[in-house]
Structures are given as structure tokens and as C-alpha cells.
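To start, the structure itself, in C-alpha cells.
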Amino acid sequence: MDDLGVCHCSVTLPDTTFPADRLEILEISNNYLSVSVKEEITKIESYQATLTAYVQKLHNLTRRVEVMEMGGISYTELDFEMLKLEIREMESLVIKLRESFDGSNILVEALYAEVHNISVMVSQLESYDKNNVLAVRREIASLRKKLEDCEKNQNNQEPPSVNYGSCSHGGIVNISKPFVVQLNWLGFSYRFGGWGKDAFSGANQDLHFVAPLTTDARMMNLYRSYPTYDDLLLYKGATEKVFTKNPSYNNYDYSSCGQGGGVIMFNNSLYYNCYNTRDICKYNINTTVNERRTLPDATFNNRFSYASSVWQDIDLASDEDGLWVIYSTEQNAGNIVISKLNPLNLTVEKTWMTSQYKLGATNAFMVCGVLYATRTLSTRKEEVFYMYDTKTSQEGQISIILDKMMENVQSLSYNPNDHKLYMYNDGYLVTYNLNFKALPKPV
């Protein structure tokens, strides 16, 4: 109590008391920051709109400069002063935009760098114009166009005439577009097999054979021959042969069946890999006699087949020089081996070892004693990429594009009587015309 009789009270608060004064200060600061943030957001939205407009202008200028660089506008059409004026305006606007930021901004800096580069480029073009550089460039472009037209005309020239059965040419130069004959008579499920005509010189070229494999892509247990091409198209007049034998109930004999799609017809006989062996079978379509002989050291049963065609370890082929077999051996580490066969007794007359891994190729064929191997580029393109000449024992890389209708090549064979390739392509029967390089004329 004081002198006047008034009572006063005092309270001592602990340290954990709520700091009301500091909360008040914080609220004031928060209100100030909220106002500042709203102002900055407004600025950023304004800057974003400005940047968008600048980027569009810069894009338009860049396209104009690119057209100038490519010589798309003649000298008389170039208005360097107007272009430079627009770029100076852009530079001025971007500089003001940079200054409006307290710190650096990556987007603005990149925009400034692009505008500066455009300005330098236009200045260079202006100096080049005085020396008629663009006029020279247009002249070069014109000459390049003439060269391309010349090359196209050269490629479109008719290939030199070559006698069927003759090797008086310099090898394959290109291959035609595919011609789809039809689907095999068994349907889409029979994706693997082989087909073609008799490859013996002077043989009947009306007779066509089709030999689909079973759906497991392994066994050839039947084939059809058609007396004419029209019969093939209409699925009529066919002679059908089933190789599977059933001498007793549920006891099948597959000894005459084939394995893989490497079958060809040569001098009225089908040649193919005998089922489940390394033997080569020769089936005479007239006498129905089936002969066989073992191919020494050949791997079989899908040991080294092609990349897109299983069970084709032993692939029969023919050309102007006769009958061939393409296969692999363990001794040659799975690389392609070529052997010349005697068509009468199936004995090997001569053998060549190549360095091309058989699994690295999708298929192969022979032309005039030269092996050509293919590989896949895409689902619609194949490439003849490798060759081996048995006459010189020389091998090398080449590139001849082969279009295909379906993705996988199951068999590929050459017929010297019509210079065609016969492809079994996911169940479809397809042909190609081969064009050969003409030999240089003697001086």
C-alpha cells in the first residue's frame, strides 16, 4: 500500500511465458511479406508474357536467318537493314528485361545469348553478301541437284541383258522389290518351309513345288508340286506326297522326312536334310526313290541354324555351277562351310571354310559359285551383307537391300533359269528379280 492508501500488486512470470510481443512483430512482418510476394508475382507474370513474345519473335528471326544461310532467298530479296533493326530492338528489350531483375535469370540470359548470336550471324551474312557468297552457294546447290538427278537416272537404267545360266556378269548389283505370289496352301500357321522351281539348267520351269514344315518349324513331311504357275495360284492340279510312313499302328517312320526349310528341286529331284540326321536326302519326284548320304562333320538338330530360321543347319542350294550345300561344323567353330555336291551320288567334291558365323546370318544362297548371306535390318528390310567367292576364295562385306513383306525369312534360294530368288516369308511365297553388273567391254 502506498502513502495514499492505494494497493498495488506485482506478479513474477516464469521464462516459459508465451512471447506475445514477438508474435505481434511476426504478424506485422508476415503482412509486409505477403504484400511483397504479391507484387513480385505480378512482376513475374508480366515478365513471362514479355518473354513469350520475345521467344516467338526470336523464333521468327531464326527461321529467316536459316533461310538466308541456305541460300533460299536471293541477294536482291535480302533486306539486311530491316533485319538488323529488328534484332537491335530485340537486344534493347532483352537488356531492359535483364536490368529489371535484381539477380540473374537463366531464361533471360539464354534469350540474350541467342539474340546476340543472331545479330553476329546477320552481320556476317551482310559481309558475305558483298562477295556474292550466297550466289555461289545457290550455284553449288543447283549443281548438287543435277548430280542427284544424274545418279537417279543411272540407277534407273535398264540392267544389262544376261543369258540365263551364264555367269558373264560382275555379280549382283541390286535386287527388285518383292513380288508376293500367294500364301502357302496350308495357311498362316505354317510359317516355315521352302518353295521354288527346278534349278537344273534347262529344266521344266512350269513345275512349281511348295514344301511347308509342320507348325513346330522342324519337320517336312509333305510337299506339293503344281504343273503350271496358274495351278499354283488356284491351288489346283497339285500332286501331293506325304513322306511319313505308318507301317504299323501308331508306329511312324520319319526316315524319308526332311528337316528345316533348306529344300530345293534339282533335275526332277528334291534335295533336303534328312530328318534328325546329318544326312542329305535325294527324292526323285518321278520314281519316288529316296536316296541318302551322310554329310561328313556337319552339325545338325539346330546346333548352328540361321538367325531367323530354326532347324536349318543344312541348307541345300543350286546355281549355274550345279548343286551346293551350306552348313557348319564344330571344327570351323560354327562358321559357314560351303561344299560342292555331286548331284548323282551326293558325295562332296570340294569344300570351302568361311569366317562368317552361321547364326549371324538369316539365310544364304549361291549365284555363280559365290555365296551371298543376308541379315535383318528391320521388320521390313533385309540386307545382303556378306559374300564368299569359291573361285578365288575371297570373302568380303557388301550392302544390297532386300525389301520383305513379312518379318522373318525362313528360306531363300536362287534359280539360274530365271535369275530369281525364291523366299518363304512367314508362310508367304515371294520372288525377287536379281540384276547383275555388266562386265567391262574389251578395249
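Keep in mind that what you see is a predicted model, and the values were worked out from it rather than measured.
- Note that the CG atom of Asn425 and the CG atom of Leu412 stand 9.5 Å from one another [nearest 0.5 Å].
- Looking at residues two or more places apart in sequence or on another chain, you find a side-chain contact (heavy atoms from CB on, under 4.5 Å) between Lys236 and Asp231, Leu234.
- The line from OH of Tyr254 to CD of Gln259 is 13.0 Å long, rounded to the nearest 0.5 Å.
- The side-chain heavy atoms of Tyr271 and Pro343, taken from C-beta on, include a pair separated by under 4.5 Å.
- Proximity of Met423 to Pro178: side-chain heavy atoms (C-beta onward) are nowhere separated by under 4.5 Å.
- The list of salt bridge (charged side-chain N to carboxylate O under 4.0 Å, His left out) pairs with a residue in residues 272-287, not counting sequence neighbours, reads Asp279-Arg292.
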Run Ile398 and Val384 through side chain to side chain contact (heavy atoms under 4.5 Å, CB included) and show every step you take. CA-CA 7 Å; Ile398 59 175; Val384 180; 3.7 Å; yes
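- Side chain of Asn302 to main chain of Trp311: a donor-acceptor pair is present (N/O by atom type, distance under 3.5 Å, no hydrogens or angles).
- Defined by atom type and a distance below 3.5 Å, a donor-acceptor pair is missing between the side-chain atoms of Glu330 and Thr299.
- A centroid separation of 6.0 Å or more is found between the aromatic rings of Tyr223 and Tyr272.
- A pairwise comparison of heavy atoms in Ser355 and Tyr386 identifies N-OH, 3.9 Å as the closest pair.
- Residues Leu429 and Leu232 are in side-chain contact: their nearest non-hydrogen atoms beyond the backbone lie under 4.5 Å apart.
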Start with the C-alpha distance between Tyr388 and Ser393, add both sets of side-chain angles, then the distance that settles side chain to side chain contact (heavy atoms under 4.5 Å, CB included), and finish with yes or no. CA-CA 7 Å; Tyr388 185 97; Ser393 297; 3.6 Å; yes
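- Side-chain contact annotation: Thr214 with Asp216, donor-acceptor N/O pair under 3.5 Å present.
- Under the 4.0 Å criterion applied to side-chain N and carboxylate O atoms, Asp315 and Lys358 are not assigned as salt-bridge partners.
- For the residue pair Glu320 and Tyr414, a side-chain donor N or O sits within less than 3.5 Å of a side-chain acceptor on the partner.
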With side chain to side chain contact (heavy atoms under 4.5 Å, CB included) as the criterion, how do Ser413 and Phe365 come out once you've worked through the C-alpha distance, each side chain's angles and the decisive distance to 0.1 Å? CA-CA 5 Å; Ser413 60; Phe365 58 94; 5.7 Å; no
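- Between the side chains of Tyr275 and Asn221, not a single donor N or O lies within less than 3.5 Å of an accepting N or O.
- When the options Tyr424, Tyr235, Tyr428 are evaluated for a side-chain hydrogen bond (donor to acceptor under 3.5 Å, both in side chains) with Asn184, the one that passes is Tyr424.
- Crowding of Lys391 atom NZ: a count of heavy atoms from other residues, nucleotides or ligands under 6.0 Å exceeding 12.
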Residue pair Glu407, Asp426: steps toward the side chain to side chain contact (heavy atoms under 4.5 Å, CB included) verdict: CA-CA 7 Å; Glu407 182 174 357; Asp426 276 337; 4.2 Å; yes
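- Side-chain atoms of Leu207 and Ile285, non-hydrogen and from C-beta on, do get closer than 4.5 Å to each other.
- For the atom pair CG of Leu359 and CG of Asp313, the computed distance is 8.5 Å after rounding to the nearest 0.5 Å.
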Start with the C-alpha gap between Cys274 and Cys257, add the side-chain angles, then the distance that decides, and say whether disulfide bond (SG atoms under 2.5 Å apart) holds. CA-CA 6 Å; Cys274 307; Cys257 294; over 6 Å; no
Assess the residue pair Asn301 and Asn276 against the criterion (side chain to side chain donor-acceptor pair (under 3.5 Å)); give the C-alpha distance rounded to whole Å, side-chain angles, the decisive distance to 0.1 Å, and a yes or no. CA-CA 6 Å; Asn301 279 356; Asn276 200 33; 2.9 Å; yes
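- Between Cys167 and Cys368, the two SG sulfurs come within 2.5 Å of each other, short of that mark.
- In this structure, Met353 places its CE atom where more than 12 heavy-atom neighbours from other residues, nucleotides or ligands lie under 6.0 Å away.
- Using a 3.5 Å distance cut-off with no hydrogens or angles, the side chains of Asp198 and Asn267 do not pair a donor with an acceptor.
- Annotation for Ser308 and Val409: closest pair OG-O, 2.9 Å, computed over non-hydrogen atoms.
- For the side-chain hydrogen bond (donor to acceptor under 3.5 Å, both in side chains) test with Thr362, the passing option among Gln410, Arg375, Glu383, Glu382 is Glu382; the others fail.
- Taking the six-membered ring for Trp, Phe243 and Tyr283 have ring centres closer than 6.0 Å.
- Annotation: side chain of Met366 is in contact with side chain of Ile326 (closest heavy-atom distance under 4.5 Å).
- Remark: side-chain polar atoms of Lys340 are not paired, donor with acceptor, to backbone N or O of Thr390 under 3.5 angstrom.
- For the pair Ile314 and Val325, the minimum side-chain heavy-atom distance is below 4.5 Å.
- Here the side chain of Thr294 pairs no donor or acceptor atom with the backbone of Pro296 at under 3.5 angstrom.
- Side-chain atoms of Glu240 and Trp185, non-hydrogen and from C-beta on, do get closer than 4.5 Å to each other.
- Aromatic ring pairs are classed by plane angle as parallel below 30°, tilted from 30° to 60° and perpendicular above 60°; the pair Tyr422 and Trp195 is perpendicular.
- Expressed to the nearest 0.5 Å, how far OH of Tyr372 lies from CG of Asn363 amounts to 15.5 Å.
- Counting all heavy atoms, side chain and backbone alike, Tyr190 lies closest to Pro212 at CB-CB, 4.2 Å.
- Defined by atom type and a distance below 3.5 Å, a donor-acceptor pair is missing between the side-chain atoms of Tyr327 and Asn273.
- Rounded to the nearest 0.5 Å, atoms CD (Gln397) and CE (Met387) are 10.5 Å apart.
- Summarising the geometry, atom CZ belonging to Phe209 is positioned 12.5 Å from atom OH belonging to Tyr226; distances are rounded to the nearest 0.5 Å.
- Aromatic ring orientation, His169 versus His419: perpendicular (interplanar angle above 60°, classes split at 30° and 60°).
- Here the closest heavy-atom approach between residue Ser318 and residue Phe266 is recorded as CB-CD1, 3.9 Å.
- Inter-residue side-chain proximity for Lys197 and Asn417 is flagged as unmet; no heavy-atom pair is nearer than 4.5 Å.
- Of all heavy-atom pairs between Gly427 and Leu183, the closest is O-CD1, 3.4 Å.
- Here the closest non-hydrogen pair linking Ser328 and Gly334 is OG-O, 3.2 Å.
- Between the side chains of Asn345 and Glu291, no donor-acceptor pair is found at a separation under 3.5 Å.
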